Amino acid sequence: QHGMVGEGDAPAMVAAITAAGLPAVIRVRWNEPGLVGFALDMGAAAVIAPMVNSAAEAKALVKAAKYPPLGQRSWGGYAMVQTAGVSAAEYLRDANSHTLIFAMIETREALAALDEIAAVKGLDGLFVGPSDLTIALTDGGSLDRSGAATIAAMGRVAEVCKAQGLVAGAFAGTPDFCRAYAALGFRFMAGPTDTDLLNRGAEAFLKATAPN
Ligand code: 3PY
Ligand code: MG
């Protein structure tokens, strides 16, 4: 959603990740059927859609992402069949269970509709955006996602996921947040951004080479 990877670059990246035996996870720019289909058609193993604020929006996400009977995903992305290394018929048979779809919970609206969103058939998990959630819960006042209101809301998301058999995910970014979210019951965490990794690598290099 917020990365600068363009539509032209993404398919080659997904093919390389898949060839390395890893699942490619794509957060699309918006919960929009064309973007969701494009991500899956290039071979994404998981798609995360931002700002899913109601059961209706979650249903629209499932409709775009799953083949019948769960949804109405459109057939025709031949790159994904090639990337998966299976026949088209095998891909069709397994796609609904082999692709994971996450709805992002990051607004007051989504929290208010949490139980209904989690109950939408075909959804595989919920994924918290703690920064947007914090901005929402503080009415634009803060980005400090260690605040009590954000942590409590995230605890509720983890509980609802457990009750519904969904995977609880979140953007964590740092080892401390990874540990804190794992303790709340989260099982799927995004690590640092690419720019963060570069910054920290450069910092570590400079620190290691600086004269005493
Ligand atoms: C958020 O924290 O709002 C996110 O979307 C994480 O990238
Ligand atoms: Mg967000």
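As the structure is a prediction and not an experimental result, all values here were calculated from the model. We count ligands from 1, going down the list as the structure has it; atoms in each ligand are counted the same way.
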Q72, CD: over 12 other non-hydrogen atoms inside 6.0 angstrom: no
Option nearest atom 4 (C) of ligand 1 (shortest heavy-atom distance, choices G129, A190, A170): G129
Can you pull the ring pair (Phe, Tyr, Trp, His ring centres under 6.0 Å) pairs that have at least one residue in residues 128-162, sequence neighbours excluded? none
Quick test of your reading of the model: are R145 and D132 salt-bridged, counting only N-O distances below 4.0 Å? no
Please report, to 0.1 Å, the donor-acceptor pairs under 3.5 Å made by any side chain of residues 167-176, with sequence neighbours excluded.
| unit_1 | atom_1 | unit_2 | atom_2 | d |
| --- | --- | --- | --- | --- |
| T174 | OG1 | F177 | N | 3.1 |
| D176 | OD1 | R179 | NH2 | 2.8 |

Side-chain H-bond candidate by donor/acceptor type, T134 with S142, under 3.5 Å: no
Answer with side chain, backbone, both or neither: which part of R27 has a heavy atom less than 4.0 angstrom from an atom of ligand 1? side chain
Please check if V28 and F38 belong to a single hydrophobic cluster, counting links between Ile, Leu, Val, Met, Phe, Trp and Tyr side chain heavy atoms closer than 4.5 Å. yes
Numbered in order shown, the ligand 1 atoms found under 4.0 Å of a heavy atom of F171 are 6 (C), 7 (O)
Ligand 1 to E106, heavy atom cutoff 4.0 Å, flagged ligand atoms 1 (C), 3 (O), 4 (C), 5 (O)
How about the Mg ion (ligand 2), which protein N, O or S atoms come within less than 2.8 Å? E106 OE1, D132 OD2
State the atoms of ligand 1, each with its element, that fall below the 4.0 Å cut-off from a heavy-atom position in P130. 1 (C), 2 (O)
Under 4.5 Å between side-chain heavy atoms, hopping through other hydrophobics if needed: is there a path connecting I117 to W30? yes
Keeping to residues at least two apart or across chains, list the ring pair (Phe, Tyr, Trp, His ring centres under 6.0 Å) pairs with something in residues 93-121. F102-F188
Would D132 count as a polar contact of ligand 1, with the cut-off being nitrogen or oxygen pairs under 3.5 Å? yes
Counting only nitrogen or oxygen atoms and a 3.5 angstrom limit, does M104 reach ligand 1? no
Grouping I, L, V, M, F, W and Y whenever their side-chain heavy atoms are under 4.5 Å apart, do V120 and V160 come out in a common cluster? yes
Looking only at protein heavy atoms, which one is nearest to atom 2 (O) of ligand 1, and what is the separation? S131 N, 2.7 Å
R29-Q1 side chain donor-acceptor pair, cut-off 3.5 Å: no
